[in-house]
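Working notes, structure below.
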Amino acid sequence: MEYKHKDIEQRWQRYWKDNKVYKTETDSTRPKFYILDMFPYPSGAGLHVGHPLGYIASDIFARYKRLRGFNVLHPMGYDAYGLPAEQYAIQTGQHPEVTTRENITRYRGQLDRIGFCYDWDREIRTCDPQYYKWTQWAFIEMFNHYFDTAVNKAMPIKNLEKHFEKYGSEGINAAQTKPLNFTAEEWQYMDARQKSDTLMNYRLAYLGNTMVNWCAKLGTVLANDEVSEGVSIRGGYPVEQRLMWQWCLRVSAYAPRLLDDLEKLEWSDSIKETQRNWIGRSEGAEMQFKIKDSDVEMTIFTTRADTVFGVTFMVLAPESKYVDMVTTADRREAVEAYRNEIKHKTERERMIDKKVSGVFTGAYAINPLSGKEIPVYVSDYVLAGYGTGAIMAVPAHDSRDYAFARHFDLPVIPLIEGADVSEESFDAKEGRMINSDGPELNLNGMEVKDAIAATKRFIEEKGIGKVKTNYRLRDAIFSRQRYWGEPFPVYYKDGIPYMFDESQLPLQLPEIDKYLPTETGEPPLGRAKNWQTADGYPLELNTMPGFAGSSAYYLRYMDPHNDSALVGKEANDYWRNVDLYVGGTEHATGHLIYSRFWNKFLYDLGKVCENEPFRKLINQGMIQGRSNFVYRIKDTNKFVSYNLKKDYDVTPIHVDVNIVTNDVLDIEKFRGWRPEYAGAEFILEEGKYVCGYAVEKMSKSMFNVVNPDDIVERYGADTLRLYEMFLGPVEQSKPWDTNGIDGVNRFIKKLWNLFYKGDMLLVNDDEPSAESLKSIHKLIKKVTTDIEGFSYNTSVSAFMICVNELTSQKCHNRAVLSDLLVLLAPFAPHVAEELWHAIGNDTTVCDAAWPQWNEEYLKEANVNYAVSFNGKARFNVSVAADMPASEVEKMVLAHENSARWIEGKQIRKVIVVPGKIVNIVVG
RNA sequence: GGUCGAAUGGUGGAAUGGUAGACACGAAGGACUUAAAAUCCUUUGGCCAUUGCGGCUGUGUGGGUUCGAGUCCCACUUCGACUACCA
């Protein structure tokens with residue numbers, strides 16, 4: 001029999017499917033293991049070979065855990081809402097649901113061909129009403145809760161209302177948008193609208209008038225993690241700041257917990273660090289500065305309280321509420337002009353334009369420690385959204401303040417001994433204080449660290465400020481002006497938002513005629529007919545963002561068909577949380593923050609039993625494209641081979657990597673590739689046309705996309721799986737390069753030849769030799785430890801070594817080969833299954849037991865010691881493995897080569913590392 | 001600018017502080033074959049020696065710790081990822 005990958009793979013994929021081999025049930029008698037892939041967005045382009053990298057790694061782990069007796073939950077689904085389907089719909093009029101369904105079908109086909117062990121009965125799609133019912137439900141719960149900072153968890157908003165009735169805002173401990181002050185009586189006299197507005201200040205899901213990232217081209221607002229460098233991540237369109245009424249999630253309330261709980265997670269240090277930076281805890285102080293000749297007091301935030309004696313001016317964000325309060329009449333016009341100018345710049349323009357700009361308000365503030373008068377400016381380098389939107393500027397010790405001071409010719413007072421501030425500021429937090437002597441506080445001579453502490457203590461005592469911890473993490477903007485997303489379960493009565501009752505969910509996405517905003521500029525849902533409650537109240541026109549559906553999907557997999565809860569208590573108590581989560585780093589500040597927030601919220605409500613959703617996280621690297629180039633001589637249809645191109649004036653042109661093999665162009669296929677190349681001529685080297693290459697993102701426009709289907713067709717899924725693992729460590733990014741795939745394919749054929757010679761099965765029950773036992777037990781040990789440590793690439797090498805050894809040993813022993821197949825089953829399940837049955841098993845290899853290695857077989861009879869003198873010049877000695885170190889020493893010193901090296905010199909030290917080295921120090 | 005990570009042959013990559021370069025690709029030579037494919041064998045970091053079994057050198061650069069450093073420490077160079085006017 002010959003190794004025919006197509007027959008084998010089709011046969012076993014059908015068998016696994018028909019017999020529901022990978023179906024998972026809750027089973028309290030067995031330990032559970034939940035291993036999850038980040039589910040894909042089903043794009044129109046289909047999967048390329050980069051996508052399955054993480055899926056293969058997790059599939060190997062899932063199969064391995066199963067073989068070790070765990071009850072493994074390994075599901076898959078689709079993050080089906082998203083912008084590309086909607087934009088395609090705008091262009092073609094095709095309903096996004098239709099294209100999404102088609103794309104899912106294509107994805108499923110591609111995934112199936114690779115032989116994954118997903119339990120497809122648990123598949124979920126975020127656009128399925130039975131699923132998004134629970135997304136809507138969670139939103140309602142967030143609306144109905146606030147975050148209590150005293151107990152550090154979410155509490156019902158009803159509690160807060162009761163408190164208001166009795167005590168007003170006095171004594172509340174609630175995360176809030178802004179501080180409010182009202183009495184119980186004032187609360188009583190508020191009308192429905194005012195009460196609603198007041199409660200919005202505290203709800204975890206709230207309607208807020210906030211500064212948002214508005215992308216005109218996409219016609220929607222975007223969350224901070226969907227914007228990078230001032231342009232939208234999807235499409236790269238410019239984004240500007242706008243004040244809009246939006247649904248928001250009070251993620252910031254959970255910032256301390258999101259930060260602290262990172263410690264417990266088995267995530268890579270780099271991704272934890274990314275989250276830490278994103279949450280951005282900074283300890284500092286808030287301080288009040290009085291405005292001269294006015295009642296206004298401005299609050300600023302600083303982490304450098306020690307530098308207060310070096311404050312020579314203050315700066316307000318253009319959007320700051322203080323601007324109107326302090327600007328003098330004669331400066332009003334100039335300030336307004338500046339604010340308008342800033343308002344019309346996009347975020348991107350503000351970033352590119354690093355020029356210092358700003359305007360004087362006419363006001364002077366009084367330094368609370370030195371009593372000096374200092375001018376107040378407005379500038380866009382101060383952000384409205386962070387701290388209080390106002391800063392005290394210390395040009396000597398902050399580079400941004402320094403640039404501003406130089407531009408407006410403001411004084412610079414150095415505060416640290418030896419700091420040279422003639423050319424640039426001294427930003428380091430170290431050194432000894434000078435020039436910091438005020439009427440009540442003297443910091444001179446202190447170290448910076450102590451000066452910060454002393455100043456904080458002083459301002460708290462004097463009531464001019466307080467110690468404050470700020471977080472960079474902002475609330476998540478939760479509205480999108482799009483069609484293809486979850487509708488909000490919200491209706492409006494007299495302009496006040498109300499939630500649907502849970503029993504009325506899901507609120508289904510309506511049909512519309514065109515997927516564009518309405519003529520009046522409302523979101524696409526404004527086109528829906530009868531988009532109102534039974535009583536005629538209008539419904540919310542926005543939809544939820546992409547991260548809504550992906551924030552709790554891992555919980556739904558535990559209990560995907562439950563009609564009465566997101567996840568039932570029994571299922572949740574058993575599966576708890578994800579033991580191993582595999583996905584890309586690009587979600588570090590998006591999905592992985594939102595999911596943790598969402599999970600913590602549900603945990604506070606007692607709906608889930610674990611505080612964190614993903615216990616261990618592995619970030620697979622990205623597979624980049626490896627593009628190929630041909631070199632056309634300018635103004636001709638003649639192409640010159642890579643190593644000859646320096647003699648010509650050439651234009652490099654991307655060429656489809658699928659007509660290039662090992663960087664050699666298939667000339668005939670190239671002529672047929674595009675009509676303009678039909679008459680192409682070539683200047684060859686050694687009879688071949690050699691292409692150049694470059695590593696780039698894998699994309700259609702670079703003609704470097706490799707479809708896994710083609711690899712499966714040609715080499716088989718097992719080869720694809722092994723090869724993707726063999727390429728290098730899973731966590732590392734690397735270009736896709738098929739140059740080595742033949743080696744992996746050869747390995748499978750060699751494995752096959754251990755079992756078959758022609759049609760004859762070679763397997764026997766002879767006593768296995770000691771060296772065969774050693775080979776297989778070495779492999780068991782290596783593969784077991786490698787899988788536990790996610791070193792799949794070295795595992796694949798170990799398989800190759802073992803098969804080579806068994807081949808040269810002519811080992812066809814059934815027991816040895818059985819162990820080999822079980823070890824291989826996670827990596828190459830089809831061929832393992834085929835051979836497993838060929839040697840007489842009638843159960844599936846997926847139900848076998850993982851073999852244990854026996855150290856007895858691994859023991860060496862003899863051990864090689866490397867002998868060195870002063871760490872140099874070595875020779876080897878071979879001694880019995882159980883010889884004690886002192887005997888080894890004697891034997892080495894008696895060795896003829898030792899005499900040569902010692903040559904009468906004194907022996908100072910002899911070091912024997914058991915089994916490894918003998919080092920003799922002479923001199 | 002900040003944070004984190006990386007640097008090893010022609011290539012992808014191996015090496016609990018202990019004989020660097022496993023394994024694979026590619027390349028060269030050979031066997032089988034009328035020929036090709038497939039398969040198998042040999043060589044393959046560099047330099048020198050190759051009718052002697054060897055010698056020298058070598059993990060981005062410069063220092064350090066150690067009997068011994070690709071591995072640990074310090075500084076630098078280059079590259080990558082993330083983030084970015086966060087006071």
Side-chain angles (χ1 to χ4, degrees), chain A residues 224-225 228-230 268-278 280-282 284 300-304 307 314-315 317 350-351 353-354 356 379-383 385-394 397-401 403-404 427 470-474 585-586 588-589 619 621-622 662-663 693 722-723 726-729 731-744 746-747 749-750 753 785 791 793-802 804 807 864-876 908-923:
Chain A
N224 279 347
D225 67 286
S228 182
E229 298 186 4
S268 72
D269 288 338
S270 74
I271 206 154
K272 282 197 211 176
E273 191 61 25
T274 305
Q275 288 214 342
R276 270 186 216 113
N277 290 342
W278 189 259
R281 177 189 165 96
S282 66
I300 58 94
F301 176 76
T302 181
T303 52
R304 292 296 300 274
T307 60
M314 301 189 71
V315 188
R350 275 172 77 159
M351 280 174 153
D353 192 9
K354 294 260 179 193
V356 176
S379 175
D380 67 345
Y381 84 86
V382 174
L383 305 177
Y386 184 73
T388 60
I391 63 156
M392 61 177 214
V394 186
H397 302 290
D398 182 288
S399 53
R400 295 153 300 176
D401 296 346
F404 195 84
D427 290 13
N470 256 335
Y471 293 89
R472 208 185 71 117
L473 184 70
R474 314 287 170 80
T585 41
E586 66 272 22
T589 54
N619 296 114
M622 220 172 42
N662 294 353
D663 290 336
Y693 73 89
L722 283 165
Y723 185 61
F726 184 67
L727 266 176
E731 282 148 295
Q732 193 172 305
S733 287
K734 55 228 154 191
W736 177 258
D737 181 352
T738 41
N739 285 348
I741 200 165
D742 289 323
V744 172
R746 242 168 252 161
F747 155 74
K749 287 180 191 159
K750 284 182 195 168
N753 292 336
T785 52
S791 303
N793 57 331
T794 51
S795 277
V796 178
S797 294
F799 278 113
M800 291 176 176
I801 295 168
C802 183
N804 282 342
T807 305
N864 264 358
Y865 279 82
V867 183
S868 67
F869 295 85
N870 291 348
K872 279 187 185 173
R874 309 170 187 87
F875 61 89
N876 293 335
R908 297 197 181 274
K909 205 172 181 184
V910 179
I911 299 155
V912 181
V913 178
K916 284 181 179 163
I917 197 162
V918 180
N919 188 31
I920 300 160
V921 186
V922 293

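Letters A, B, ... mirror the listed sequences (proteins, then strands); counts begin at 1. This one's a predicted model, so the numbers in the text were calculated from it and none came from an experiment.
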Counter-base of [N], judged by Watson-Crick or G-U geometry with both distances under 3.5 Å:
N: B:rA38; answer: none
N: B:rA22; answer: none
N: B:rA81; answer: B:rU3

**Request:** Evaluate the ring planes of A:Phe404 and A:Tyr381, with Trp represented by its six-membered ring, and classify them as parallel (under 30°), tilted (30 to 60°) or perpendicular (over 60°).
**Result:** tilted
**Request:** Check the angle between the aromatic planes of A:Phe747 and A:Phe799 and answer parallel, tilted or perpendicular using the 30° and 60° thresholds.
**Result:** tilted
**Asked** Starting at the 5' end of RNA chain B, which residue's closest nucleotide do you reach first, A:Met800 or A:Arg474?
**Response** A:Met800
**Item:** Upstream residue (5' side of RNA chain B) when A:Gly280 and A:Lys749 are each assigned their closest nucleotide
**Value:** A:Lys749
Taking the [atom1] atom of each, how far is [N] from [M], in whole Å?
N: B:rG1; M: B:rU8; atom1: C1'; answer: 32 Å
N: B:rA28; M: B:rA22; atom1: C1'; answer: 22 Å
N: B:rU61; M: B:rG10; atom1: P; answer: 14 Å
N: B:rA36; M: B:rG30; atom1: P; answer: 12 Å
N: B:rA6; M: B:rU71; atom1: P; answer: 12 Å
N: B:rU65; M: B:rG17; atom1: C1'; answer: 12 Å
N: B:rA27; M: B:rG63; atom1: P; answer: 41 Å
N: B:rG60; M: B:rA14; atom1: P; answer: 15 Å

Rounded to whole Å, please give me the gap between [atom1] in [X] and [atom2] in [N].
X: A:Asn753; N: B:rA38; atom1: CG; atom2: P; result: 15 Å
X: A:Asn739; N: B:rU11; atom1: CG; atom2: C1'; result: 8 Å
X: A:His397; N: B:rA87; atom1: NE2; atom2: C1'; result: 14 Å
X: A:Ile801; N: B:rA22; atom1: CD1; atom2: C1'; result: 6 Å
X: A:Gln275; N: B:rC82; atom1: CD; atom2: P; result: 15 Å
X: A:Lys750; N: B:rC23; atom1: NZ; atom2: P; result: 11 Å
X: A:Met314; N: B:rA87; atom1: CE; atom2: C1'; result: 11 Å
X: A:Lys734; N: B:rA14; atom1: NZ; atom2: P; result: 9 Å

Just to be sure I understand the rule, does [X] reach a base, reach only the sugar-phosphate, or reach nothing, if contact means heavy atoms closer than 4.0 Å?
X: A:Phe747; value: nothing
X: A:Asn804; value: sugar-phosphate
X: A:Ile391; value: base
X: A:Pro735; value: nothing
X: A:Gln732; value: sugar-phosphate
X: A:Arg746; value: sugar-phosphate
X: A:Arg281; value: nothing

Under 3.5 Å, which protein N or O atoms sit close to an N or O of nucleotides 1-7 of chain B? Give each pair with its distance.
{"unit_1": "B:rU3", "atom_1": "O2'", "unit_2": "A:Glu273", "atom_2": "OE2", "d": "3.4"}

**Message:** Check this one for me: any side-chain N or O of A:Tyr381 less than 4.0 Å away from OP1 or OP2 of B:rA87?
**Reply:** no
